[in-house]
Amino acid sequence: FYEYDLSTIVDSKGGFLVEETKEDKLIKSRREATTKIAPYLRIVKRSMLTLAMSADPSENPKCRDCESLDVDPTFFQVFHLAVCPNCKEKFPERYSLITKTEAKEDYLLTDPELRDPELLPHWSKPNPRKATWNNMMLYVREMVEEYAFKKWGGEEGLDAEYERREIQKKEKKEKKFKEKLADLRRRTMTSTWERKRQKGPHKHVFGTPEEDPATGSTTETCIECGLVVESEEL
């Protein structure tokens with residue numbers, strides 16, 4: 001008889017049971033990891049409702065821009081920012097979410113910096129393109145921009161560093177192209193000399209003799225190498 005681990009069996013809804021694959025386990029584990037924030041969000045919502053009913057208004061979390069009590073729970077829990085949904089839509093240049101790749105390319109930040117939640121809190125979500133890929137790491141643009149300006153000395157410093165890297169990238173590309181071109185020339189010259197060596201010593205093939213009216217001398221020119229010699233007619 002066969003032994004089955006019932007904990008790994010998946011109901012296919014088609015009248016039979018299918019054993020869970022490695023890809024199914026990976027997707028399931030990542031979904032569980034990303035949904036761990038849900039209980040905390042519920043706690044935040046309950047705590048916000050409790051605080052909203054507090055007699056002391058100073059104890060209630062308010063939107064940092066408009067002082068609304070309708071604070072976005074995800075921003076409050078993940079990014080520690082008290083901001084309402086209306087202000088999020090009103091100020092996309094501040095509160096829009098950017099990916100890890102955008103933070104690296106636009107603000108020249110490194111992987112260790114982006115992985116450190118104390119420097120830059122991030123929200124981990126399943127990758128929408130493929131569930132088996134690594135989770136997306138989302139950041140608040142304002143927080144990333146503030147850290148990048150501090151790192152590079154303001155917006156001008158960031159632009160200068162970006163320009164410096166672009167010039168360096170261009171120089172490396174040109175250097176690589178010149179190295180490839182020089183290598184191609186070396187290989188071409190080597191093959192040319194090799195062909196000449198295999199053919200043996202060069203034998204001149206002279207064309208029709210030409211007489212110079214001014215001097216009366218006759219010259220002959222090699223058709224292959226262009227050598228010019230004087231000749232005498234006997």
Side-chain angles (χ1 to χ4, degrees), residues 26-165:
L26 181 60
I27 295 174
K28 183 179 178 181
S29 63
R30 287 184 174 167
R31 283 179 178 173
E32 290 177 351
T34 54
T35 54
K36 286 182 179 179
I37 192 175
Y40 296 100
L41 293 180
R42 288 195 291 270
I43 293 173
V44 171
K45 289 181 179 178
R46 288 197 297 268
S47 63
M48 290 173 64
L49 291 174
T50 303
L51 292 174
M53 294 184 294
S54 175
D56 187 358
S58 61
E59 295 180 0
N60 301 325
K62 298 179 181 179
C63 176
R64 58 197 305 217
D65 294 314
C66 66
E67 296 187 354
S68 170
L69 296 177
D70 185 20
V71 176
D72 187 291
T74 303
F75 269 57
F76 188 77
Q77 172 66 24
V78 178
F79 304 111
H80 315 296
L81 290 177
V83 58
C84 68
N86 291 333
C87 289
K88 279 174 54 182
E89 295 183 2
K90 185 178 179 180
F91 305 109
E93 70 280 1
R94 296 172 58 190
Y95 300 120
S96 60
L97 297 178
I98 63 175
T99 63
K100 180 181 176 182
T101 302
E102 291 174 321
K104 291 174 65 176
E105 294 179 353
D106 296 345
Y107 296 96
L108 309 181
L109 301 182
T110 62
D111 281 326
E113 291 171 333
L114 294 171
R115 289 197 190 101
D116 191 344
E118 295 183 0
L119 290 178
L120 291 169
H122 62 270
W123 184 13
S124 182
K125 294 183 63 178
N127 198 305
R129 295 185 178 180
K130 196 171 183 180
T132 55
W133 290 359
N134 292 332
N135 290 336
M136 291 179 60
M137 298 172 66
L138 300 177
Y139 304 82
V140 178
R141 182 177 295 277
E142 182 184 56
M143 301 177 72
V144 174
E145 192 172 89
E146 182 180 353
Y147 179 80
F149 286 174
K150 183 178 179 181
K151 176 181 179 180
W152 299 113
E155 185 176 0
E156 294 181 356
L158 176 61
D159 292 340
E161 177 63 19
Y162 185 84
E163 186 67 22
R164 185 190 70 81
R165 295 192 183 190

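For the residue pair Glu113 and Tyr147, the shortest heavy atom distance occurs at OE2-OH, 3.2 Å. Considering all non-hydrogen atoms of both residues, Pro121 and Val78 come closest at CB-O, 3.5 Å. When all heavy atoms of Met136 and Leu138 are compared, the closest pair comes out as CE-CD2, 3.6 Å. Shown here for Val71 and Cys63, the closest heavy-atom pair between the two residues is CG2-N, 3.9 Å. Contact between Tyr107 and Trp152 at its shortest, heavy atoms only, is O-NE1, 3.3 Å.
Remark: Asp111 CG to Arg115 CZ distance equals 4.5 Å, nearest 0.5 Å. Rounded to the nearest 0.5 Å, atoms SG (Cys84) and CZ (Phe75) are 11.0 Å apart. A distance of 7.0 Å separates CG of Leu81 from OH of Tyr95, quoted to the nearest 0.5 Å. Of the inter-residue distances, the one linking Asp65 atom CG with Asn86 atom CG reads 11.0 Å to the nearest 0.5 angstrom. In this structure, the separation between OG1 on Thr74 and CH2 on Trp123 is 4.5 Å, given to the nearest 0.5 Å. Atom OG1 of Thr99 and atom NZ of Lys104 lie 10.5 Å apart (nearest 0.5 Å).
Crowding of Glu93 atom CD: a count of heavy atoms from other residues, nucleotides or ligands under 6.0 Å exceeding 12. Few gaps surround CZ on Phe149; more than 12 heavy atoms of other groups in view lie less than 6.0 Å from it. For CZ of Arg164, the number of neighbouring non-hydrogen atoms (other residues, nucleotides, ligands) closer than 6.0 Å is greater than 12.
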Given side-chain contact (heavy atoms from CB on, under 4.5 Å), test Thr110 with Lys151 step by step and report yes or no. CA-CA 11 Å; Thr110 62; Lys151 176 181 179 180; 4.1 Å; yes

Walk me through it: do Arg64 and Glu142 pass the test salt bridge (charged side-chain N to carboxylate O under 4.0 Å, His left out)? CA-CA 13 Å; Arg64 58 197 305 217; Glu142 182 184 56; 2.9 Å; yes

Derivation of the side-chain contact (heavy atoms from CB on, under 4.5 Å) call for Glu145 and Arg94: CA-CA 9 Å; Glu145 192 172 89; Arg94 296 172 58 190; over 6 Å; no

For Arg141 and Phe91, run side-chain contact (heavy atoms from CB on, under 4.5 Å): C-alpha distance rounded to whole Å, both residues' side-chain angles, the deciding distance at 0.1 Å, then the answer. CA-CA 11 Å; Arg141 182 177 295 277; Phe91 305 109; over 6 Å; no

List the steps and the verdict of side-chain contact (heavy atoms from CB on, under 4.5 Å) for Val144 and Glu102. CA-CA 10 Å; Val144 174; Glu102 291 174 321; over 6 Å; no

What do the steps show when you test Glu146 against Lys150 for salt bridge (charged side-chain N to carboxylate O under 4.0 Å, His left out), and what is the final call? CA-CA 6 Å; Glu146 182 180 353; Lys150 183 178 179 181; over 6 Å; no

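Applying the side chain to side chain contact (heavy atoms under 4.5 Å, CB included) test between Val83 and each of Lys90, Lys88, Lys62 identifies Lys88 as the sole match.
The aromatic rings of His122 and Tyr139 lie tilted to each other, with the angle between the two planes from 30° to 60°.
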